[in-house]
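The shown structure was predicted, so the numbers you read here are calculated from the model rather than taken from an experiment.
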Amino acid sequence: MLRILFLNIFVFFSLTSSAQQLEVYFDFDKHTLNAQAMRELNAWAGKNQHVEVSKIYGYCDWKGSSSYNDTLSLKRVDEVYNFLRNSGIKVLADYEMIGFGKDFEQEKDQWANRKVVVHYSDKPRTAITTIDSTSLGGKIKRSKNGDKIKLENINFFNMSARVVPQSQPVLYELLCAMQENPSLKIEIQGHICCQTEGDNDLTYLSTQRAKIIYNYLVRKKIDRKRLSYKGYGNTQPIYPIPEKNEEERDANRRVEILIVEN
């Protein structure tokens, strides 16, 4: 009976310190909250209107491909994020969102891996009112039509269009910039380094990498009319190919946004 209860959805509260965790467990291959979860979460939200959420992490069990589970874990994060916002819980603008998929140390019991972990605190941080001009949002605010801005720290698994989990905060920062600047229109541009052969393959890979960011923004309700994407392969290197060192290869291997309208 206890196992069945866990396999539905279970919410756990850690109350031992100001830095606390809320764990939400999901049914197999599901990202939506069922009625029991909604009751549990509503009860928690009613008692925790004063907290601030700083991190939301999503996880999956081992079944299915890495790509599928990466997407499923982010959908679970989105589901919990939307619930928190709709319930009046404060989620910090720079909160850390990561979808680990199945790429973490799995528990023996698979139900325990189908979860979202919310990190929150009883002690609100001091509000920051200064706009950081070196941040992506700051750069976009100062940009003009035709400018290109590199998305720093956007990294992909080797020879794939899968964004590594550590790059999720950069995607969220871009999303915030799109939300805060409703007239902003961009082209997402993918670039590859190094190789001089197989141009068609390189163009395809760079296009897919740009498209994955495009899809992320569309999934977050950014109007498609404000977005486009294109892959340039290795045709627009910052440094001549072949590069002299890893620093030059890193500079050529990039994703940029072209400011179409601001």
Q: Any carboxylate oxygen within less than 4.0 angstrom of a Lys/Arg side-chain nitrogen, looking at R249 and E247?
A: no
Q: Identify, with sequence neighbours excluded, every residue that meets side-chain hydrogen bond (donor to acceptor under 3.5 Å, both in side chains) alongside N69.
A: none
Q: When rounded to the nearest 0.5 angstrom, what distance separates CG in L74 from CD1 in I98?
A: 10.0 Å
Q: Starting at CZ of F104, measure out to OG of S73 and round the result to the nearest 0.5 Å.
A: 9.0 Å
Q: Taking side-chain contact (heavy atoms from CB on, under 4.5 Å) as the test, write out the residues that go with K63, two or more places apart.
A: F28, D61
Q: Does D147 have any salt bridge (Lys or Arg N to Asp or Glu O under 4.0 Å) partners at least two apart in sequence or in another chain, and if so, which?
A: K144
Q: Report, one line per pair, each donor and acceptor closer than 3.5 Å where one atom sits in a side chain of residues 77-85; sequence neighbours left out.
A:
from	atom 1	to	atom 2	distance (Å)
D78	OD1	K220	NZ	2.1
D78	OD2	K220	NZ	3.1
E79	OE2	L33	N	3.3
Y81	OH	R85	NH1	2.6
N82	ND2	D78	O	3.1

Q: What about the rings of H119 and Y95, do their centers lie closer together than 6.0 Å?
A: no
Q: Is there a donor-acceptor contact under 3.5 Å linking the side chains of Q106 and N113?
A: yes
Q: Check whether more than 12 heavy atoms from other residues, nucleotides or ligands sit under 6.0 Å from atom NZ of K230, and answer yes or no.
A: no
Q: Got V53 and L92 here, is their nearest side-chain heavy-atom distance under 4.5 Å?
A: no
Q: Out of curiosity, R209 CZ to L205 CG, how far, rounded to the nearest 0.5 Å?
A: 4.5 Å
Q: With heavy-atom distances below 4.5 Å as the criterion, would you say the side chains of H191 and R253 are in contact?
A: no
Q: Kindly write out the residues that satisfy salt bridge (Lys or Arg N to Asp or Glu O under 4.0 Å) with R219, not counting sequence neighbours, or none if the list is empty.
A: none
Q: Just jot down the ring pair (Phe, Tyr, Trp, His ring centres under 6.0 Å) partners of Y239, sequence neighbours excluded, or say none.
A: none
Q: Evaluate whether atom NZ of K148 has more than 12 neighbouring non-hydrogen atoms of other residues, nucleotides or ligands under 6.0 angstrom away.
A: yes
Q: Show your working on salt bridge (charged side-chain N to carboxylate O under 4.0 Å, His left out) between D70 and R162 and close with a plain yes or no.
A: CA-CA 9 Å; D70 287 348; R162 289 178 55 218; 2.7 Å; yes
